[in-house]
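Proteins come first, then strands; the chains are lettered A, B, ... in the order of their sequence lines, and each starts at number 1. None of the values given here were measured: they were computed from a predicted structure.
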Protein chains: 2
Amino acid sequence: MRPNKRDELVRKALEIFYRDGFNATGMDRLVVETGVSKTSMYKHFRTKEDLILAALRLRDENFRNWLFRECENRADTPEAQMLAMFDALAAWFAQDGFRGCMFIKASAEFQDKAHPINVQAAEHKRLLLNWLTGLAQQAGFAAPESLAMQLLLLKEGAIVAAAMLGIDGPAQEAKQAARVLLDHAPGSR
Amino acid sequence: MRPNKRDELVRKALEIFYRDGFNATGMDRLVVETGVSKTSMYKHFRTKEDLILAALRLRDENFRNWLFRECENRADTPEAQMLAMFDALAAWFAQDGFRGCMFIKASAEFQDKAHPINVQAAEHKRLLLNWLTGLAQQAGFAAPESLAMQLLLLKEGAIVAAAMLGIDGPAQEAKQAARVLLDHAPGSR
DNA sequence: TCGAATATGTACTGATCTGTACACTAAAGG
DNA sequence: CCTTTAGTGTACAGATCAGTACATATTCGA
(Lines give C-alpha, C1' and ligand atoms only; values in the text may rest on other atoms or scores of the structure.)
Protein backbone atom coordinates (compact mmCIF):
# COMPACT_ATOMS: atom_id res chain seq x y z
CA MET A 1 0.00 0.00 0.00
CA ARG A 2 1.26 3.45 -0.88
CA PRO A 3 1.83 5.78 2.08
CA ASN A 4 -1.47 7.54 1.53
CA LYS A 5 -1.32 9.73 -1.53
CA ARG A 6 -4.03 11.78 0.00
CA ASP A 7 -1.92 12.87 2.94
CA GLU A 8 0.93 13.75 0.66
CA LEU A 9 -1.43 15.81 -1.47
CA VAL A 10 -2.62 17.76 1.55
CA ARG A 11 0.95 18.25 2.73
CA LYS A 12 2.08 19.68 -0.60
CA ALA A 13 -1.07 21.71 -1.08
CA LEU A 14 -0.46 23.28 2.33
CA GLU A 15 3.03 24.23 1.30
CA ILE A 16 1.88 25.79 -1.97
CA PHE A 17 -1.09 27.62 -0.46
CA TYR A 18 1.18 29.02 2.23
CA ARG A 19 3.73 30.16 -0.31
CA ASP A 20 1.44 31.56 -2.99
CA GLY A 21 -1.93 32.25 -1.39
CA PHE A 22 -5.30 30.56 -1.75
CA ASN A 23 -7.07 32.45 -4.50
CA ALA A 24 -3.85 32.90 -6.42
CA THR A 25 -3.25 29.15 -6.60
CA GLY A 26 -5.30 27.34 -9.19
CA MET A 27 -6.12 23.65 -9.15
CA ASP A 28 -4.24 23.21 -12.41
CA ARG A 29 -1.04 24.41 -10.79
CA LEU A 30 -1.62 22.13 -7.82
CA VAL A 31 -1.91 19.24 -10.28
CA VAL A 32 1.46 20.12 -11.80
CA GLU A 33 3.27 20.86 -8.54
CA THR A 34 1.93 17.97 -6.50
CA GLY A 35 2.15 15.39 -9.27
CA VAL A 36 -1.28 14.12 -8.26
CA SER A 37 -3.71 13.79 -11.13
CA LYS A 38 -6.71 16.05 -11.26
CA THR A 39 -9.03 13.09 -11.18
CA SER A 40 -7.51 11.85 -7.94
CA MET A 41 -7.62 15.29 -6.37
CA TYR A 42 -11.31 15.61 -7.04
CA LYS A 43 -11.89 12.08 -5.82
CA HIS A 44 -10.35 12.94 -2.46
CA PHE A 45 -11.77 16.46 -2.21
CA ARG A 46 -15.05 17.40 -3.77
CA THR A 47 -14.10 21.07 -4.06
CA LYS A 48 -11.10 23.35 -3.73
CA GLU A 49 -12.63 24.62 -0.51
CA ASP A 50 -12.49 21.12 0.95
CA LEU A 51 -8.83 20.87 0.07
CA ILE A 52 -8.10 24.24 1.67
CA LEU A 53 -9.92 23.16 4.82
CA ALA A 54 -7.88 19.95 4.96
CA ALA A 55 -4.67 21.92 4.50
CA LEU A 56 -5.67 24.30 7.29
CA ARG A 57 -6.49 21.41 9.59
CA LEU A 58 -3.05 19.97 9.01
CA ARG A 59 -1.43 23.35 9.53
CA ASP A 60 -3.31 23.87 12.78
CA GLU A 61 -2.20 20.50 14.07
CA ASN A 62 1.41 20.97 13.00
CA PHE A 63 1.72 24.51 14.26
CA ARG A 64 0.15 23.99 17.65
CA ASN A 65 2.09 20.80 18.27
CA TRP A 66 5.31 22.53 17.28
CA LEU A 67 4.65 25.59 19.41
CA PHE A 68 3.59 23.67 22.52
CA ARG A 69 6.58 21.38 22.28
CA GLU A 70 8.96 24.27 21.73
CA CYS A 71 7.68 26.04 24.81
CA GLU A 72 7.92 22.90 26.91
CA ASN A 73 11.44 22.25 25.74
CA ARG A 74 12.56 25.79 26.43
CA ALA A 75 11.11 26.26 29.91
CA ASP A 76 9.73 24.37 32.89
CA THR A 77 7.21 26.60 34.62
CA PRO A 78 4.01 27.81 32.96
CA GLU A 79 5.11 31.42 33.33
CA ALA A 80 8.48 30.76 31.73
CA GLN A 81 6.76 28.84 28.95
CA MET A 82 4.61 31.82 28.10
CA LEU A 83 7.74 33.89 27.79
CA ALA A 84 9.53 31.17 25.84
CA MET A 85 6.80 31.33 23.21
CA PHE A 86 8.45 34.48 21.90
CA ASP A 87 11.78 32.72 21.51
CA ALA A 88 10.05 30.01 19.54
CA LEU A 89 8.42 32.68 17.39
CA ALA A 90 11.79 34.31 16.76
CA ALA A 91 13.14 30.99 15.55
CA TRP A 92 10.15 30.58 13.25
CA PHE A 93 10.55 34.09 11.80
CA ALA A 94 14.17 33.33 10.97
CA GLN A 95 13.28 30.21 9.03
CA ASP A 96 13.57 30.22 5.26
CA GLY A 97 10.19 30.62 3.69
CA PHE A 98 8.57 32.36 6.65
CA ARG A 99 5.52 34.12 5.27
CA GLY A 100 3.47 35.13 8.27
CA CYS A 101 0.47 33.37 9.74
CA MET A 102 -1.49 31.16 7.39
CA PHE A 103 -4.70 31.66 9.34
CA ILE A 104 -4.51 35.43 9.23
CA LYS A 105 -4.07 35.09 5.48
CA ALA A 106 -6.97 32.67 5.20
CA SER A 107 -9.15 35.04 7.16
CA ALA A 108 -8.04 37.87 4.89
CA GLU A 109 -8.92 36.01 1.70
CA PHE A 110 -12.22 34.59 2.96
CA GLN A 111 -13.64 37.46 4.94
CA ASP A 112 -17.19 36.29 5.36
CA LYS A 113 -17.48 35.29 9.00
CA ALA A 114 -19.87 32.49 8.09
CA HIS A 115 -17.48 30.96 5.55
CA PRO A 116 -16.11 27.58 6.73
CA ILE A 117 -12.55 28.66 6.02
CA ASN A 118 -12.97 31.81 8.10
CA VAL A 119 -14.58 29.81 10.88
CA GLN A 120 -11.71 27.36 10.95
CA ALA A 121 -9.07 30.10 10.96
CA ALA A 122 -10.78 31.77 13.90
CA GLU A 123 -10.93 28.45 15.69
CA HIS A 124 -7.15 28.14 15.46
CA LYS A 125 -6.71 31.48 17.22
CA ARG A 126 -9.25 30.50 19.84
CA LEU A 127 -7.35 27.31 20.59
CA LEU A 128 -4.15 29.29 21.07
CA LEU A 129 -5.93 31.70 23.35
CA ASN A 130 -7.29 28.82 25.40
CA TRP A 131 -3.83 27.33 25.70
CA LEU A 132 -2.40 30.62 26.93
CA THR A 133 -5.28 31.00 29.35
CA GLY A 134 -4.52 27.56 30.75
CA LEU A 135 -0.88 28.44 31.26
CA ALA A 136 -1.82 31.70 32.96
CA GLN A 137 -4.16 29.80 35.27
CA GLN A 138 -1.51 27.23 36.12
CA ALA A 139 0.90 30.06 36.85
CA GLY A 140 -1.59 31.42 39.37
CA PHE A 141 -2.37 34.77 37.83
CA ALA A 142 -5.46 36.54 39.08
CA ALA A 143 -6.86 37.39 35.64
CA PRO A 144 -5.71 34.60 33.34
CA GLU A 145 -8.07 35.45 30.46
CA SER A 146 -6.89 39.01 30.45
CA LEU A 147 -3.22 38.13 30.52
CA ALA A 148 -3.66 35.45 27.88
CA MET A 149 -5.34 37.87 25.51
CA GLN A 150 -2.59 40.43 26.03
CA LEU A 151 0.07 37.87 25.22
CA LEU A 152 -1.91 36.75 22.18
CA LEU A 153 -2.01 40.34 20.95
CA LEU A 154 1.76 40.53 21.25
CA LYS A 155 2.12 37.24 19.40
CA GLU A 156 -0.18 38.21 16.52
CA GLY A 157 1.36 41.64 16.31
CA ALA A 158 4.83 40.17 16.22
CA ILE A 159 3.90 37.80 13.39
CA VAL A 160 2.35 40.59 11.34
CA ALA A 161 5.22 42.97 11.99
CA ALA A 162 7.84 40.33 11.26
CA ALA A 163 6.15 39.48 7.97
CA MET A 164 5.72 43.11 6.91
CA LEU A 165 8.60 45.04 8.46
CA GLY A 166 11.25 42.38 8.80
CA ILE A 167 12.08 39.74 11.32
CA ASP A 168 14.51 41.81 13.39
CA GLY A 169 12.81 43.57 16.21
CA PRO A 170 9.26 42.28 16.55
CA ALA A 171 10.02 39.02 18.36
CA GLN A 172 12.52 40.63 20.73
CA GLU A 173 10.25 43.56 21.51
CA ALA A 174 7.30 41.24 21.98
CA LYS A 175 9.26 39.24 24.49
CA GLN A 176 10.41 42.31 26.38
CA ALA A 177 6.85 43.59 26.50
CA ALA A 178 5.62 40.19 27.64
CA ARG A 179 8.13 40.15 30.46
CA VAL A 180 6.91 43.52 31.68
CA LEU A 181 3.30 42.37 31.49
CA LEU A 182 4.05 39.15 33.36
CA ASP A 183 6.07 40.95 36.03
CA HIS A 184 3.28 43.41 36.72
CA ALA A 185 0.22 41.26 36.32
CA PRO A 186 -1.82 40.75 39.47
CA GLY A 187 -1.78 37.26 40.95
CA SER A 188 -0.35 35.11 43.71
CA ARG A 189 2.48 33.28 42.03
CA MET B 1 -16.03 70.23 -14.85
CA ARG B 2 -17.24 67.14 -13.03
CA PRO B 3 -15.87 66.64 -9.55
CA ASN B 4 -13.13 64.32 -10.73
CA LYS B 5 -14.56 60.99 -11.73
CA ARG B 6 -11.14 59.53 -11.12
CA ASP B 7 -11.19 60.32 -7.42
CA GLU B 8 -14.66 58.91 -7.09
CA LEU B 9 -13.52 55.76 -8.86
CA VAL B 10 -10.63 55.32 -6.43
CA ARG B 11 -12.89 55.99 -3.48
CA LYS B 12 -15.41 53.35 -4.52
CA ALA B 13 -12.74 50.88 -5.57
CA LEU B 14 -11.18 51.25 -2.13
CA GLU B 15 -14.49 50.47 -0.50
CA ILE B 16 -15.07 47.39 -2.67
CA PHE B 17 -11.52 46.07 -2.33
CA TYR B 18 -11.75 46.47 1.43
CA ARG B 19 -15.06 44.69 1.56
CA ASP B 20 -14.40 41.85 -0.87
CA GLY B 21 -10.64 41.51 -1.23
CA PHE B 22 -8.29 42.27 -4.09
CA ASN B 23 -8.03 39.05 -6.06
CA ALA B 24 -11.66 38.25 -5.45
CA THR B 25 -12.82 41.52 -7.02
CA GLY B 26 -12.78 41.55 -10.80
CA MET B 27 -12.61 44.64 -12.97
CA ASP B 28 -15.98 43.76 -14.46
CA ARG B 29 -17.59 43.99 -11.06
CA LEU B 30 -15.86 47.29 -10.39
CA VAL B 31 -17.34 48.57 -13.63
CA VAL B 32 -20.83 47.62 -12.49
CA GLU B 33 -20.49 48.80 -8.89
CA THR B 34 -18.70 52.07 -9.56
CA GLY B 35 -20.73 53.01 -12.62
CA VAL B 36 -17.53 54.06 -14.36
CA SER B 37 -17.09 52.63 -17.83
CA LYS B 38 -14.33 50.14 -18.41
CA THR B 39 -12.75 52.38 -20.99
CA SER B 40 -12.49 55.20 -18.48
CA MET B 41 -11.07 52.95 -15.81
CA TYR B 42 -8.29 51.79 -18.08
CA LYS B 43 -7.68 55.35 -19.21
CA HIS B 44 -7.02 56.41 -15.63
CA PHE B 45 -5.21 53.25 -14.54
CA ARG B 46 -3.21 51.20 -16.96
CA THR B 47 -3.62 48.02 -14.91
CA LYS B 48 -5.58 46.67 -12.00
CA GLU B 49 -2.41 46.88 -9.97
CA ASP B 50 -2.23 50.62 -10.53
CA LEU B 51 -5.79 50.97 -9.31
CA ILE B 52 -5.05 48.95 -6.20
CA LEU B 53 -2.00 51.10 -5.50
CA ALA B 54 -4.08 54.25 -5.84
CA ALA B 55 -6.71 52.82 -3.50
CA LEU B 56 -4.04 51.93 -0.96
CA ARG B 57 -2.54 55.42 -1.18
CA LEU B 58 -5.93 56.89 -0.41
CA ARG B 59 -6.49 54.47 2.42
CA ASP B 60 -3.11 55.27 3.92
CA GLU B 61 -3.84 58.98 3.80
CA ASN B 62 -7.34 58.60 5.23
CA PHE B 63 -6.40 56.18 7.96
CA ARG B 64 -3.35 58.02 9.23
CA ASN B 65 -5.10 61.37 9.17
CA TRP B 66 -8.04 59.88 11.01
CA LEU B 67 -5.91 58.14 13.62
CA PHE B 68 -3.66 61.13 14.31
CA ARG B 69 -6.61 63.45 14.66
CA GLU B 70 -8.45 61.05 16.93
CA CYS B 71 -5.47 60.80 19.22
CA GLU B 72 -5.02 64.57 19.32
CA ASN B 73 -8.68 65.08 20.09
CA ARG B 74 -8.69 62.51 22.84
CA ALA B 75 -5.55 63.55 24.72
CA ASP B 76 -3.10 66.41 25.18
CA THR B 77 0.26 64.91 26.08
CA PRO B 78 2.21 62.59 23.79
CA GLU B 79 2.05 59.81 26.35
CA ALA B 80 -1.69 60.13 26.73
CA GLN B 81 -2.07 60.19 22.96
CA MET B 82 -0.28 56.88 22.63
CA LEU B 83 -2.74 55.43 25.09
CA ALA B 84 -5.68 57.13 23.39
CA MET B 85 -4.79 55.32 20.17
CA PHE B 86 -6.40 52.22 21.64
CA ASP B 87 -9.64 54.05 22.32
CA ALA B 88 -9.66 55.21 18.73
CA LEU B 89 -9.08 51.62 17.62
CA ALA B 90 -11.95 50.41 19.77
CA ALA B 91 -14.23 52.93 18.07
CA TRP B 92 -13.04 51.72 14.67
CA PHE B 93 -13.63 48.06 15.53
CA ALA B 94 -17.19 48.87 16.54
CA GLN B 95 -17.97 50.52 13.22
CA ASP B 96 -20.22 48.76 10.75
CA GLY B 97 -18.20 47.14 8.04
CA PHE B 98 -15.01 46.81 10.06
CA ARG B 99 -12.94 44.16 8.30
CA GLY B 100 -9.48 44.42 9.79
CA CYS B 101 -6.47 46.18 8.35
CA MET B 102 -6.42 46.67 4.60
CA PHE B 103 -2.64 46.68 4.49
CA ILE B 104 -2.29 43.40 6.30
CA LYS B 105 -4.73 41.98 3.77
CA ALA B 106 -2.84 43.50 0.87
CA SER B 107 0.38 42.05 2.18
CA ALA B 108 -1.33 38.67 2.55
CA GLU B 109 -2.60 38.64 -1.03
CA PHE B 110 0.60 39.96 -2.59
CA GLN B 111 3.26 38.20 -0.61
CA ASP B 112 6.27 38.87 -2.77
CA LYS B 113 8.32 41.43 -0.87
CA ALA B 114 9.40 43.06 -4.13
CA HIS B 115 5.82 43.52 -5.34
CA PRO B 116 4.82 47.22 -5.39
CA ILE B 117 1.64 46.49 -3.44
CA ASN B 118 3.58 44.69 -0.73
CA VAL B 119 6.12 47.52 -0.62
CA GLN B 120 3.40 50.11 -0.19
CA ALA B 121 1.63 48.14 2.51
CA ALA B 122 4.87 47.83 4.45
CA GLU B 123 5.46 51.55 4.04
CA HIS B 124 2.16 52.26 5.76
CA LYS B 125 3.24 50.27 8.80
CA ARG B 126 6.60 51.98 8.80
CA LEU B 127 4.95 55.40 8.83
CA LEU B 128 2.83 54.40 11.82
CA LEU B 129 5.91 53.12 13.61
CA ASN B 130 7.70 56.40 12.94
CA TRP B 131 4.77 58.37 14.28
CA LEU B 132 4.73 56.32 17.47
CA THR B 133 8.48 56.71 17.82
CA GLY B 134 8.09 60.47 17.55
CA LEU B 135 5.46 60.50 20.27
CA ALA B 136 7.65 58.34 22.51
CA GLN B 137 10.53 60.73 21.97
CA GLN B 138 8.39 63.76 22.76
CA ALA B 139 7.21 62.03 25.88
CA GLY B 140 10.82 61.68 26.97
CA PHE B 141 11.15 57.92 27.06
CA ALA B 142 14.66 56.52 27.14
CA ALA B 143 14.12 53.93 24.38
CA PRO B 144 11.51 55.42 22.07
CA GLU B 145 12.05 52.96 19.19
CA SER B 146 11.62 50.05 21.51
CA LEU B 147 8.47 51.39 23.11
CA ALA B 148 7.02 52.40 19.75
CA MET B 149 7.50 48.90 18.35
CA GLN B 150 5.89 47.35 21.41
CA LEU B 151 2.84 49.57 21.05
CA LEU B 152 2.69 48.81 17.34
CA LEU B 153 2.66 45.09 18.14
CA LEU B 154 -0.28 45.64 20.46
CA LYS B 155 -2.07 47.66 17.80
CA GLU B 156 -1.56 45.11 15.02
CA GLY B 157 -2.41 42.27 17.33
CA ALA B 158 -5.59 44.02 18.43
CA ILE B 159 -6.68 44.59 14.84
CA VAL B 160 -6.08 40.96 13.90
CA ALA B 161 -7.75 39.64 17.04
CA ALA B 162 -10.72 41.97 16.67
CA ALA B 163 -11.20 40.89 13.06
CA MET B 164 -10.87 37.18 13.82
CA LEU B 165 -12.13 36.68 17.36
CA GLY B 166 -14.57 39.54 17.76
CA ILE B 167 -14.29 43.17 18.71
CA ASP B 168 -14.89 42.72 22.43
CA GLY B 169 -11.70 42.30 24.34
CA PRO B 170 -8.78 43.02 22.04
CA ALA B 171 -8.93 46.82 22.17
CA GLN B 172 -9.47 46.92 25.92
CA GLU B 173 -6.74 44.42 26.64
CA ALA B 174 -4.39 46.22 24.28
CA LYS B 175 -4.98 49.45 26.13
CA GLN B 176 -4.44 47.85 29.51
CA ALA B 177 -1.24 46.27 28.31
CA ALA B 178 -0.10 49.58 26.82
CA ARG B 179 -0.70 51.33 30.12
CA VAL B 180 1.48 48.81 31.92
CA LEU B 181 4.20 49.17 29.30
CA LEU B 182 4.10 52.97 29.48
CA ASP B 183 4.11 52.99 33.28
CA HIS B 184 7.16 50.77 33.45
CA ALA B 185 9.16 51.98 30.48
CA PRO B 186 12.48 53.60 31.34
CA GLY B 187 12.68 57.35 30.76
CA SER B 188 12.65 60.74 32.43
CA ARG B 189 9.15 61.94 31.91
C1' DT C 1 -7.58 -15.06 -12.00
C1' DC C 2 -11.19 -12.09 -11.08
C1' DG C 3 -12.96 -7.86 -9.26
C1' DA C 4 -12.72 -3.91 -6.57
C1' DA C 5 -10.21 0.09 -5.44
C1' DT C 6 -7.24 3.55 -6.63
C1' DA C 7 -4.73 5.73 -9.53
C1' DT C 8 -3.61 8.21 -14.34
C1' DG C 9 -4.03 11.41 -18.61
C1' DT C 10 -6.41 14.48 -21.11
C1' DA C 11 -9.89 16.81 -23.37
C1' DC C 12 -13.66 19.44 -22.38
C1' DT C 13 -17.47 22.97 -20.40
C1' DG C 14 -18.85 27.24 -19.12
C1' DA C 15 -17.60 30.88 -16.40
C1' DT C 16 -14.60 34.56 -15.29
C1' DC C 17 -10.24 36.92 -15.55
C1' DT C 18 -7.40 41.24 -17.34
C1' DG C 19 -6.97 44.10 -20.89
C1' DT C 20 -8.00 46.04 -25.84
C1' DA C 21 -10.56 47.77 -30.01
C1' DC C 22 -13.71 50.69 -31.94
C1' DA C 23 -17.36 53.64 -32.65
C1' DC C 24 -19.81 57.07 -30.35
C1' DT C 25 -21.26 61.25 -27.11
C1' DA C 26 -20.90 65.54 -24.22
C1' DA C 27 -18.92 69.54 -23.05
C1' DA C 28 -15.58 73.17 -22.34
C1' DG C 29 -12.55 76.77 -24.25
C1' DG C 30 -10.15 79.49 -27.47
C1' DC D 1 -16.90 76.36 -34.94
C1' DC D 2 -13.74 73.26 -34.03
C1' DT D 3 -10.51 70.81 -31.39
C1' DT D 4 -9.38 68.67 -27.23
C1' DT D 5 -10.57 66.14 -23.28
C1' DA D 6 -13.23 62.97 -20.74
C1' DG D 7 -16.51 60.05 -20.94
C1' DT D 8 -19.83 55.84 -22.65
C1' DG D 9 -21.10 51.03 -24.36
C1' DT D 10 -20.01 46.84 -25.91
C1' DA D 11 -17.90 43.22 -28.21
C1' DC D 12 -13.91 40.74 -28.13
C1' DA D 13 -9.15 38.20 -27.31
C1' DG D 14 -6.60 35.05 -24.87
C1' DA D 15 -5.73 33.17 -20.57
C1' DT D 16 -7.12 30.88 -16.57
C1' DC D 17 -10.63 29.42 -13.32
C1' DA D 18 -13.24 25.22 -10.93
C1' DG D 19 -14.95 21.11 -11.98
C1' DT D 20 -16.50 16.87 -15.16
C1' DA D 21 -16.31 13.00 -18.51
C1' DC D 22 -14.27 9.08 -20.06
C1' DA D 23 -11.15 5.70 -21.20
C1' DT D 24 -7.11 3.50 -19.31
C1' DA D 25 -3.59 1.52 -15.99
C1' DT D 26 -1.89 -0.49 -11.60
C1' DT D 27 -2.32 -2.92 -7.45
C1' DC D 28 -3.96 -6.24 -4.27
C1' DG D 29 -6.83 -9.26 -1.67
C1' DA D 30 -9.94 -13.22 -2.14
**OP:** Please work out whether the ring planes of A:Phe98 and A:Phe93 are parallel, tilted or perpendicular, with thresholds of 30° and 60°.
**Re:**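 Judged by the thresholds at 30° and 60°, the geometry between A:Phe98 and A:Phe93 is tilted.
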**OP:** Kindly assign one of parallel, tilted or perpendicular to the pair B:Phe110 and B:Phe22, based on the angle between their ring planes and the thresholds 30° and 60°.
**Re:**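 Ring orientation, 0 to 90° scale: perpendicular.
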Original post:
Are any of A:Ser37's side-chain N or O atoms less than 4.0 Å away from OP1 or OP2 of C:dA7?
Top reply: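 No, because none of the side-chain N or O atoms of A:Ser37 sits under 4.0 Å from OP1 or OP2 of C:dA7.
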Original post:
For C:dT6, does OP1 or OP2 lie under 4.0 Å from any side-chain N or O of A:His44?
Top reply: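 No, A:His44 has no side-chain N/O under 4.0 Å of OP1/OP2 on C:dT6.
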**OP:** Just compare C:dA7, D:dC22, D:dG7 and give me whichever is closest to any side-chain atom of A:Thr39.
**Re:**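 In terms of side-chain proximity for A:Thr39, the closest of C:dA7, D:dC22, D:dG7 is D:dC22.
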Original post:
Step by step, would you call B:Glu123 with B:Arg126 a salt bridge (charged side-chain N to carboxylate O under 4.0 Å, His left out)?
Top reply: CA-CA 5 Å; B:Glu123 180 62 14; B:Arg126 212 163 280 123; 3.6 Å; yes
Whole angstrom value for the distance that separates [atom2] of [N] from [atom1] of [X]:
X	N	atom1	atom2	answer
B:Lys5	C:dA27	NZ	C1'	14 Å
A:Leu30	D:dT16	CG	C1'	14 Å
A:Phe45	D:dA18	CZ	C1'	16 Å
A:Met41	C:dT6	CE	C1'	16 Å
B:Asp7	D:dG7	CG	P	10 Å
B:Leu9	D:dA6	CG	P	14 Å

Subject >> Partner set under salt bridge (Lys or Arg N to Asp or Glu O under 4.0 Å) for A:Glu156, not counting sequence neighbours >> reply: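 A:Glu156 satisfies salt bridge (Lys or Arg N to Asp or Glu O under 4.0 Å) with A:Lys125 only.
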Report, one pair per line, the protein and nucleotides 15-19 of chain C atoms (nitrogen or oxygen only) whose separation is under 3.5 Å.
residue : atom : partner : partner atom : Å
C:dT18  : OP1  : B:Lys48 : NZ           : 2.6
C:dT18  : OP2  : B:Met27 : N            : 2.7
C:dG19  : OP2  : B:Lys48 : N            : 2.7
C:dG19  : N7   : B:Lys38 : NZ           : 3.2
C:dG19  : O6   : B:Lys38 : NZ           : 2.7

Original post:
Would you call A:Glu70-A:Arg74 a salt bridge at under 4.0 Å N-O?
Top reply: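 Counted as a salt bridge, because a side-chain N and a carboxylate O are separated by less than 4.0 Å.
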Original post:
Between atom NE2 of B:His44 and atom CG of B:Asp7, what is the distance when rounded to the nearest 0.5 Å?
Top reply: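 Separation between the atoms: 9.0 Å.
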